[in-house]
Amino acid sequence: MYPDENVPEILTKPYNPTETEQRIYDKWLASGFFSPEKMIEEGIIKEDAETFTIVLPPPNVTGVLHMGHALMISWQDIMARFARMRGKRALWIPGTDHAAIATQSKVEAQIKKEEGKSRHDLGRDAMLARIDAFAQSSHDTIVSQVKAMGASCDWSREAFTMDDNRNLAVRTIFSQMYKDGLIYRGHRIVNWDPKGQTTIADDEIVYEERKAKMYTFKYSKDFPISISTTRPETKIGDVAVAVNPEDTRYSEFVGREYDAVFCGVPIHIKIIADKEVDKDFGTGALGVTPAHSMTDWEIADRHDLPRPQVINEYAKMMVGGENLLGKKTTEAREVIVEWLRAENLLEKEEEIAQNISTAERTGGIIEPLPKLQWFIAVNKEIPGRGKTLKDIMREPVESGAIKILPDHFDKTYFHWIDNLRDWCISRQIWYGHRIPVWYKGDEVYCGIDAPIGDGWIQDEDTLDTWFSSGLWTFSTLGWPNNTKELEIYHPTTVIQPGTEILFFWVARMILMTGYALDTIPFKTVLLNGMVRDSQGRKFSKSLGNGGDPIETAQKYGADAIRMYFAIASTPGTDTKLYEDKIKGYKHFANKLWNITRFVMARTDTAHWTATPAYTEADQTLRNEFDAIAQDVTKDIDAYRFYLAGEKLYHYIWSTFADTILEGSKQILDGTDADAKQSRQVLLATILRDSIKLLHPFMPFVTEELWSLIPHQDTDHELLMVSKWPN
RNA sequence: GCGCGGUUAGCUCAGUUGGUAGAGCGCGUCAUUGACGUUGACGAUGUCGGGGGUUCAAGUCCCUCACCGCGCACCA
């Protein structure tokens, strides 16, 4: 029986994360060491220490943190704490994202539900005030949750994608791009979301497979060619029938023009030949509707065709007689099909599977419409640079200046760039960065600030949220001001987004940084997959399948969730969440707690501070540990947290506790004084170094234990800034 | 249609450069008033999706097929 005289009272009870974590986080905050400048001031690191910079992918201010955020914070904090302990000038910049359409539609839905009002009932200013209030409260929740996960972010540098500094950055880069001719206003066919009443970018479209009816018919009895469509209501807007140039069935008609009255609407159809037409699809003839189909718009470009619009922003018919005018597209479709039947023009009706385009945020069915919008030209040469924005996006990944992990994602990335069209950046919503363009009569002014003089009216539209997110690595460091911080901390070291925002965000950051600073935003892109429930489903409120990391942290400790995500999740791959496993890591924290209790009970301070002199057997054990430590260091360096975490878990539990510690009992109770002394030092030093190695993964329990064990002079009283072993 | 990923123990997943198949959970047997029951010891379970190839040696490299997931394109 060993008296616990060397053991602090707190260690005699099981480890209690909920009692500990808040206290520890406050201690870290009070130290100021989340700011690298404070570490320099205290002499812990040198001013010229290598930098490690990471920006937090800013969570949307649309509510609360979810498991995906918990994963993201777990990995990033491992990197930040690891870098800090290795003596780097480590900076982790936190922030939140205004998320434009996501936030606005959330608040709109809430107001609609609770007060039955639309945003137009409230008006722009009142609506924006409501959104701001919501965003502020979401922000506060999110920040407290990020802290609860133990994130060692430098809160003094916290940013918001729509605060004053970031707004200045947006206006600055917009006007530069405008002057360079890379941003232009154009009347083009865009993805219109009738539900959200805004345009959206190509990559904001989500395709859903549905069954649809395809109708085959002729415009009129004497029209020579049959066409097929799933959307008969758009055919009022047809101006041509296109066939493949090689299609001999129709070659005699090419060049001819016909007039018809289609469901009461006069139309004029020209027969044209275009290579885009697949002669094996349907009848091999395509009714060309330039205003309501992307490909048809391009065909119209090539053949100089008119582009009459027949469907409006509310997905209702804007031409036709009483039977059509003002009707929803789905109703109009019925009307026209009935008319075709009555006129005996309908030749075939068949069910086909088709991909329908929906808006990512609102779920609205996309209606392609011609509209006057703002675009970024990705294929245009940048004045004085001899390359395009597409080149800027492609080059650093091609050359290896930016490394994507897992590396097979670079193929996906290049594929996306190759298919990229001009980026539509204007949105008809209110919440977001207002486009810095003003109009007066025919005059157009673009600048960082409003033009001088009366009568200027600012563009009503706001910018795609990813426009400001694209500036995140450098706008958070003070750009467009030429700050010292920008010089020191940029390009950042690594960024860690989910695979689903590789295009939305990663590509846009590379574009914006390459354009504005002629450099890269980061050197490594570490992608994480999605966190799903144990059945592989997405977490969602409607499913009620949980997914609240804070609730889970209260139950098992933030350390347990962090260790879980470190080990259970590999780059680029989805992770299913199992509570039992998280529970296992809570047990592990307690195991470490009890290991410390044992070691402290059988050692005294001298063993922790002595210069080690081991017996041969103990030296071997120490060497084994050193090898593990080196491995772990290499693994973290190479972003293999799952390997590092698992090695530590195993070493500490199976090797250190079950083998070394169990084997020590005999030695400690034995009569060989040298062996005993050696073993006591061994236990103390391996434990101390294990606590260090584990700190990036499980910062709370390790910091708490650190405060209880004796230290060497070379170590700091805070584990967070103590020296990494090896 | 093009591309990417996955398929390893009952379940969930590792397996970094090719060198005798691993972990956790679960399961079975046993132990224990001695740091910890949030414990310990021991144990069972695998034609590493199918087929072919390269190699002294393949879960790992190459080809091919199947199924699952995803991205892009098409979507008249």
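A note on names: the letters A, B, ... follow the listed sequences, proteins ahead of strands, and every chain is numbered from 1.
Pairing of G71(B), defined by two Watson-Crick or G-U wobble distances under 3.5 Å, is identified with C2(B). Using N1 to N3 plus N6-O4 or O6-N4 for Watson-Crick, or N1-O2 and O6-N3 for G-U wobble, each under 3.5 Å, A35(B) pairs with nothing. Look at A66(B): its Watson-Crick or wobble partner, with both distances under 3.5 angstrom, is U7(B). Across all strands shown, G19(B) forms a Watson-Crick or G-U wobble pair with C56(B), both key distances being under 3.5 Å. Of the nucleotides present, none pairs with U45(B) by Watson-Crick or G-U wobble criteria with both distances under 3.5 Å. In this entry G26(B) has no Watson-Crick or G-U wobble partner, no candidate having both defining distances under 3.5 Å.
Distance noted for atom C1' between U60(B) and U7(B): 15 Å (whole Å). The C1' atoms of G50(B) and U8(B) are separated by 15 Å, rounded to the nearest whole Å. For the P atom pair drawn from C72(B) and A57(B), the interatomic distance equals 44 Å after rounding to whole Å. C4(B) and C42(B) have their P atoms separated by 46 Å, with the value rounded to a whole Å. Taking atom P in both U17(B) and G6(B), the straight-line distance is 13 Å, to the nearest Å. Comparing the same atom, C1', in G15(B) and in G24(B) gives a spacing of 15 Å after rounding to whole Å. G34(B) and A41(B) have their P atoms separated by 16 Å, given to the nearest Å. Comparing the C1' positions of A73(B) and U16(B) gives a spacing of 35 Å, expressed to the nearest Å.
In this structure, Ile10(A) atom CD1 and A35(B) atom C1' are separated by 16 Å, rounded to whole Å. Rounded to an integer number of Å, the gap from NZ of Lys665(A) to P of U39(B) is 14 Å. Atom C1' of nucleotide U38(B) and atom NZ of Lys13(A) are separated by 17 Å, given to the nearest angstrom. One can place NE2 of His587(A) at 9 Å from P of C25(B), the figure rounded to the nearest angstrom. Protein atom CZ of Phe503(A) is 14 Å distant from nucleotide atom P of C4(B), rounded to whole Å. Atom CD of Glu579(A) and atom C1' of U12(B) are 15 Å apart (whole Å). Atom C1' of nucleotide U12(B) and atom CZ of Arg537(A) are separated by 17 Å, given to the nearest angstrom.
Within the nucleic acid shown, Ser534(A) has no heavy atom closer than 4.0 Å to any nucleic acid atom. Within 4.0 Å of Asn419(A), counting heavy atoms only, lie sugar-phosphate atoms of the nucleic acid but no base atom. At the heavy-atom level, His415(A) lies under 4.0 Å from base atoms of the strands shown. Nucleic acid contact for Lys591(A): base, since at least one base atom lies under 4.0 Å from a heavy atom of the residue. Thr295(A) comes within 4.0 angstrom of the backbone, heavy atoms only, and of no base. Residue Asp418(A) is out of contact with every strand shown, counting any heavy-atom pair closer than 4.0 Å. Residue contacts for Met214(A): at a heavy-atom cut-off of 4.0 Å it reaches the sugar-phosphate backbone alone, with no base atom in range. The residue Ile567(A) sits apart from the nucleic acid: no heavy atom pair falls under 4.0 Å.
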| request: Tell me, with the steps shown, if Phe262(A) and Trp339(A) meet ring pair (Phe, Tyr, Trp, His ring centres under 6.0 Å). | output: CA-CA 9 Å; Phe262(A) 188 74; Trp339(A) 177 81; 5.2 Å; yes
| request: Could you check Glu579(A) against Tyr556(A) for side chain to side chain donor-acceptor pair (under 3.5 Å), going step by step and ending with a plain yes or no? | output: CA-CA 9 Å; Glu579(A) 218 178 294; Tyr556(A) 304 110; 2.6 Å; yes
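Distance from the side chain of Tyr578(A) is smallest to U12(B) among C75(B), G71(B), U12(B). In the set A73(B), G5(B), A35(B), the nucleotide with an atom closest to the side chain of His408(A) is G5(B).
Under the side chain to side chain contact (heavy atoms under 4.5 Å, CB included) test applied with Ile686(A), the options Leu683(A), Asp689(A), Leu682(A) reduce to a single match, Leu682(A).
For the contact set between residues 638-654 of chain A and RNA chain B, defined by any heavy atom under 4.0 Å, the members are Arg640(A), Tyr642(A), Leu643(A), His650(A), Trp653(A). A heavy atom closer than 4.0 Å to some atom of RNA chain B occurs in Gln354(A), Asn355(A), these being the qualifying members of residues 348-358 of chain A.
In the model, Trp466(A) has no side-chain atom that pairs as donor or acceptor with a side-chain atom of Asp203(A) under 3.5 Å. For Asn16(A) and Thr18(A), the side-chain atoms include at least one donor-acceptor pair closer than 3.5 Å. Side chains of Ser226(A) and Glu347(A): a donor-acceptor N/O pair is present below 3.5 angstrom, by distance only.
The 5' end of RNA chain B is approached more closely, in terms of each residue's nearest nucleotide, by Lys581(A) than by the other of Lys581(A) and Tyr15(A).
The shortest heavy-atom contact between Pro290(A) and Gly237(A) is CD-O, 3.8 Å. Nearest heavy-atom pair across Asn244(A) and Lys275(A) is ND2-O, 3.8 Å. Taking both residues in full, the closest heavy atoms of Met72(A) and Gln496(A) are given as O-OE1, 3.3 Å, listed atom of the first, atom of the second, then distance.
A cation-pi contact, defined as under 6.0 Å to the ring centre and within 45° of the axis, links Arg508(A) to Trp423(A). Geometric assessment of Arg188(A) against the ring of Trp297(A) yields a negative cation-pi assignment under the 6.0 Å and 45° thresholds.
In terms of polar N and O atoms assigned as donor or acceptor, the side chain of Glu662(A) comes within less than 3.5 Å of the base of A35(B) in a complementary pairing.
Within the 6.0 Å centre-distance limit, the rings of Tyr649(A) and Tyr585(A) are counted as a close aromatic pair.
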